[in-house]
There are 2 protein chains.
Amino acid sequence: MDPHLLRTFLAVAETGSFSAAAEQLRYTQSAVSQQIAALEADLRTPLLTRRPVALTPAGERLRGHASILLVRLAAARADVTRAVAPPGRLIVALTPLAWHPALADALALLRTESARLTARLRLAERDQVVAAVATGEADLGLVDGFTAPSDPLRLPDTGGARAIGVAESPAVVAVAASHPLARRRRVDLSDLADAYWIDAPAVAAHTRLPVDGLRPGLRYDGQDVTVLAGLAAAGHGLAVLPEPLVTTHPSLTGVPISAPRLVHRVELVRIPAHLTGGEPAARLAALIEHR
Amino acid sequence: MDPHLLRTFLAVAETGSFSAAAEQLRYTQSAVSQQIAALEADLRTPLLTRRPVALTPAGERLRGHASILLVRLAAARADVTRAVAPPGRLIVALTPLAWHPALADALALLRTESARLTARLRLAERDQVVAAVATGEADLGLVDGFTAPSDPLRLPDTGGARAIGVAESPAVVAVAASHPLARRRRVDLSDLADAYWIDAPAVAAHTRLPVDGLRPGLRYDGQDVTVLAGLAAAGHGLAVLPEPLVTTHPSLTGVPISAPRLVHRVELVRIPAHLTGGEPAARLAALIEHR
DNA sequence: ACACCTTACGCAAGCCGTAAACATA
DNA sequence: TATGTTTACGGCTTGCGTAAGGTGT
């Protein structure tokens, strides 16, 4: 169970191909084959079926562990290595829907305080945001999701990063103004099982909505919220979105959700130990928390 | 950051000696030296001071990460490997104070149900109990600790094990019946900062009591609750213990604690995925939970 | 001087790449 | 037959042990 082997195992699992994984990791196809064979020999269990390449049940379990392990390993390295962070650096990773104008304000204030601050925002998926913070690639993270009111988000276990809620807003079903649903006062999500939904995993992990059986009609793989809103406005399907976002979009109507009780929640992700000093990241975290 | 290197690093950190670590891991002293050197070269940071051997700040941080990583690695291996658990096996790991007669009853009931069940109890420290469950060495774990009422125990992050509370009882200060304190109706822990305490880390992690400055007068390194109670009864010092335990001991008096609010709490540790079936462990968990 | 960690060096095992063999759609 | 994984084999690297060399108490 060398971390090296776990990394190539993950690559194979993700790409679904030995050769693609080899190319991605700059190995030969043969090396990947040997590494997988070594891993299977070590665990005395087949992890993948070949032709087609797919995960066995044991492989599925290993996949979950492996991704966590590799992040924690990187986090450990970052935590030990990180001696003195470059003082003028501030990298914030965030999911698209975690964006809030207040963040812009806080950043602006920060830039007036510290003369030459190089701030950088990076959009990414939720798991990648948490991983980036854990590994020190980002100094701060903002992630979002839909949960029951005041329930924490169920984030993946990754490194020693901690998350605290910083904002909650009502969740609504966003529909085109012309849509019949737009005239409803409120709606129960389970009544909409037959409707078509816009699946935009890179924007909002709709998969995690606490309602099963929602049928995706159109899939959008980009990260731009505007595009998603535009698709909904054009009548391509429904989407659950935070209410403030829908309100600012003229051709969208937000229908309150009667059940299940659902809010859009934003959480700030940070590594406790590394934000005690007066670094820009600590300052920004404080600004966001006590907004 | 090979797991191999992490393991020897931990051994050196624990033993405080390269040669002792080498002996423990069946290496030569030279190999350990080379491994530590490799680790330090990889991380570009000194982890240990030699002569005397002690952890640098970076080493301290790595120690925390390494122990978690190794447990998770073992947990991953166990989770993937564990194909079919031997049906008649049931290993329960527990901390000494997590014992409860109800556990004996549940086990007895289980043995009447399953004809040939080989049950086994293993006493260990709290972290080791969690680790044993995570790695599959134990099927079920019971850990205890002192917290505020209905607060969960702050367990170390180890593997994918989950803990749920199964019992709470009042915490009292146990003193010899002849002790002046025995006549008090109740007592504030912070008033007892000057008293002598019995430090028994293997029985109860008193270090974790939410009160600082308690001065240990006598240290007991065994795991036997009876011995600890006996020491308290003999007047060697005070000890915070669960009230039921003190009540059953004739020569001990339990003085209720007025502040801080404190209870003795027992939690059941288990791996969610592996207890869905009708295995003995799942059965026992259900019996304990719904007692 | 002694205990203990580090360095030098040789050997064995591990690991990757090339290339040929093999399997499946 | 084409695509893609496995096996065979050679060369290089890694990592341990033995033994000699430092270094602080």
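Sequence lines set the chain letters: A, B, ... in the order given, protein chains first and strands last, and positions in each chain run from 1. What you see below is based on every heavy atom in this structure, not just the backbone, and it leaves out hydrogens, waters and symmetry mates.
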message = In whole Å, I'd like the distance from the CD1 atom of B:Ile36 to the P atom of C:dC4.
response = 17 Å
key: Value in whole Å for how far the C1' atom of D:dT18 lies from OH of B:Tyr27   = 17 Å
query = Side chain of B:Thr15, backbone of B:Phe18: donor and acceptor closer than 3.5 Å?
reply = no
ask   = Could you give the CG-to-P distance, from A:Leu25 to C:dC15, as a whole number of Å?
value = 16 Å
query = Got a salt bridge between B:Glu40 and B:Arg50, using NZ or NE/NH1/NH2 to carboxylate O under 4.0 Å?
reply = yes
remark   = For A:Phe146 and A:Leu153 the tightest heavy-atom approach is N-CD2, 4.3 Å
ask   = Rounded to the Å, how far apart are B:Asp42 CG and D:dG15 P?
value = 10 Å
ask   = So how far is it from A:Thr8 OG1 to A:His4 NE2, rounded to the nearest 0.5 Å?
value = 8.0 Å
request  = Check if the side chain of A:Ser30 and the base of D:dT7 share a donor-acceptor pair of N or O atoms closer than 3.5 Å.
outcome  = yes
B:Thr135 side-chain N/O to B:Ala132 backbone N/O, donor-acceptor pair under 3.5 Å = yes
request  = Please report, rounded to the nearest Å, how far the P atom of D:dT5 is from the CD atom of A:Glu40.
outcome  = 13 Å
inquiry  = Could you tell me how far apart B:Arg26 (CZ) and D:dG17 (C1') are, to the nearest whole angstrom?
reply    = 15 Å
A:Leu5 CG - C:dC15 C1' separation (whole Å) = 10 Å
message = Does D:dC16 have OP1 or OP2 under 4.0 Å away from a side-chain N or O of B:Gln35?
response = yes
query = Does C:dC16 have OP1 or OP2 sitting under 4.0 Å from an N or O in the side chain of A:His4?
reply = yes
inquiry  = To check you understand the geometry: which heavy-atom pair defines the closest contact between A:Leu142 and A:Ala98, and what is its length?
reply    = O-CB, 3.5 Å
ask   = OP1, OP2 of D:dT6 versus side-chain N and O of A:Ser33: anything below 4.0 Å?
value = yes
Under-3.5 Å N/O pairs linking protein and nucleotides 2-4 of chain D:
from, atom 1, to, atom 2, distance (Å)
D:dG4, N3, A:Arg51, NH2, 3.3

note = Correct closest heavy-atom pair for A:Ala281 and A:Asp139 would be CB-CB, 3.8 Å
message = Rounded to whole Å, please give me the gap between CD in A:Gln34 and P in D:dC12.
response = 17 Å
